[in-house]
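Please read the structure below before turning to the comments.
For this chain, numbers begin at 1 and follow the sequence in order. When reading the values below, keep in mind they use all heavy atoms of this one structure, side chains included, and skip hydrogens, waters and symmetry mates.
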Amino acid sequence: MGELPLDINIQEPRWDQSTFLGRARHFFTVTDPRNLLLSGAQLEASRNIVQNYRAGVVMPGLTEDQLWRAKYVYDSAFHPDTGEKVVLIGRMSAQVPMNMTITGCMLTFYRKTPTVVFWQWVNQSFNAIVNYSNRSGDAPITVGQLGTAYVSATTGAVATALGLKSLTKHLPPLVGRFVPFAAVAAANCINIPLMRQRELQVGIPVTNEEGQRLGHSVSAAKQGIFQVVISRICMAIPAMAIPPVIMDTLEKKDFLKRRPWLGAPLQVGLVGFCLVFATPLCCALFPQKSSIRVSRLEPELRAQIREQNPSIEVVYYNKGL
């Protein structure tokens with residue numbers, strides 16, 4: 001075997017991102033919880049492989065599959081802009097185990113006000129860590145913005161949960177089980193725009209197909225944030241809609257009535273099963289490198305692009321996660 005060529009583009013995902021299947025394969029790899037089990041030495045080894053390859057140095061005997069594996073391990077643990085190691089629970093590979101635990105508990109302990117408040121607070125605290133850990137280098141989040149988003153989302157989630165809880169007291173028990181989902185959906189609509197408020201103020205970079213920056217657009221930021229909110233809500237639907245129906249049926253059976261302690265672990269397991277598939281598939285709903293027509297950009301930016309590049313009809317931007 002000859003030495004690995006240096007023309008493999010590891011700046012981009014391995015699979016075609018213009019198709020849903022390609023995006024799904026990419027996100028199944030990115031969100032793989034097994035990456036959390038890797039040691040510090042394994043992470044450093046992957047970082048060395050990636051950085052050396054980008055610098056034009058190929059480790060003897062390195063195969064293309066090993067290079068891509070190192071790239072995804074590196075991406076799973078290190079911030080793409082700062083190069084810093086991301087805190088463990090803030091990594092995308094922690095999404096399934098963390099969310100299955102938190103969501104399972106929200107769905108299990110939804111009857112009493114103190115537990116509703118506690119688990120909504122835990123969920124928004126986790127979201128704040130994830131959003132900060134995966135922040136964009138072009139639009140850094142200040143401590144003030146982080147605090148505002150955290151307090152607003154937590155307040156919104158708790159208020160929604162408690163408000164709906166009081167409204168559903170006289171409705172069938174199954175209806176009450178869906179209160180946590182409504183609270184999470186409301187919190188996402190508050191949290192994500194607030195966490196990315198700088199993008200709504202100054203815009204996000206838009207580029208041509210080759211990646212050359214053409215300017216900053218607030219219109220692209222609005223479209224990207226909307227897509228992320230939709231993805232996050234869709235991500236929660238299977239995990240927060242399917243287990244309640246199953247648990248409502250199981251809790252009427254003698255088996256679970258005699259073993260009530262099984263309720264919580266069973267709920268967490270059902271949520272985890274749903275999230276293993278829902279997380280990568282919903283991340284893949286929209287391309288990471290999204291596009292917007294030049295005609296939909298701000299008048300000043302539109303005029304600037306058409307003056308410099310009259311043939312360009314579509315520009316591209318990173319929508320975030």
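Remark: the S290 side chain and the Q227 side chain contain an N/O donor-acceptor pair separated by less than 3.5 Å.
Remark: Q51 CD is packed, more than 12 non-hydrogen atoms of other residues, nucleotides or ligands lying under 6.0 Å away. Residue-environment remark: CZ (R259) exceeds the threshold of 12 foreign heavy atoms within 6.0 Å. E307 CD: 12 or fewer foreign heavy atoms inside a 6.0 Å radius. Within 6.0 Å of atom NZ in K289, more than 12 heavy atoms from other residues, nucleotides or ligands are found, so the atom counts as buried in its surroundings. Within 6.0 Å of CZ on F226 lie no more than 12 heavy atoms contributed by other residues, nucleotides or ligands. Environment of CZ in R54: crowded, with over 12 heavy atoms of neighbouring residues, nucleotides or ligands closer than 6.0 Å.
Between L281 atom CG and L275 atom CG the span is 11.5 Å, to the nearest 0.5 Å. From F109, atom CZ reaches atom CZ of F118 across 10.0 Å, with rounding to the nearest 0.5 Å. Atom OG1 of T279 sits about 12.0 Å away from atom CG of D32, to the nearest 0.5 Å. In this structure, L107 CG and W119 CH2 are separated by 11.5 Å, a value rounded to the nearest 0.5 Å. Atom CD1 of I305 sits about 11.5 Å away from atom CD of E300, to the nearest 0.5 Å.
Heavy atoms only, all atoms of each residue included: N99 and F126 are closest at OD1-CE2, 3.5 Å. For the residue pair F181 and I233, the shortest heavy atom distance occurs at CE1-O, 3.9 Å. Of all non-hydrogen atoms in L214 and N309, the two that sit nearest each other are CD2-ND2, 3.9 Å. Nearest heavy atoms, M235 versus C283: CE-SG, 3.7 Å.
You'll find the side chain of R213 reaches within 4.5 Å of the side chain of P205, heavy atoms only.
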Chi angles and distances behind the side chain to side chain contact (heavy atoms under 4.5 Å, CB included) call for V30, M92: CA-CA 7 Å; V30 169; M92 287 304 292; 3.9 Å; yes

Pair V158-V116, side chain to side chain contact (heavy atoms under 4.5 Å, CB included): steps then yes or no: CA-CA 7 Å; V158 171; V116 169; 5.9 Å; no

Stepwise side chain to side chain contact (heavy atoms under 4.5 Å, CB included) check, I204 with N318: CA-CA 8 Å; I204 56 175; N318 178 11; over 6 Å; no

Steps toward side-chain hydrogen bond (donor to acceptor under 3.5 Å, both in side chains) verdict (S217, E298): CA-CA 7 Å; S217 169; E298 296 84 339; 3.0 Å; yes

Test side chain to side chain contact (heavy atoms under 4.5 Å, CB included) applied to I292 and Y316, step by step: CA-CA 6 Å; I292 184 171; Y316 302 87; over 6 Å; no

Worked check of side-chain hydrogen bond (donor to acceptor under 3.5 Å, both in side chains) between T207 and Y317: CA-CA 6 Å; T207 69; Y317 61 92; over 6 Å; no

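Screening D65, N9, T29 for a side-chain hydrogen bond (donor to acceptor under 3.5 Å, both in side chains) involving R14 leaves a single residue, D65.
Judged by distance alone, with hydrogens and angles left aside, the side-chain atoms of Q223 form a donor-acceptor pair with the main-chain N or O of S291 at under 3.5 Å.
Under 4.0 Å is where a charged nitrogen must lie from a carboxylate oxygen, and between D75 and K71 at least one such pair does.
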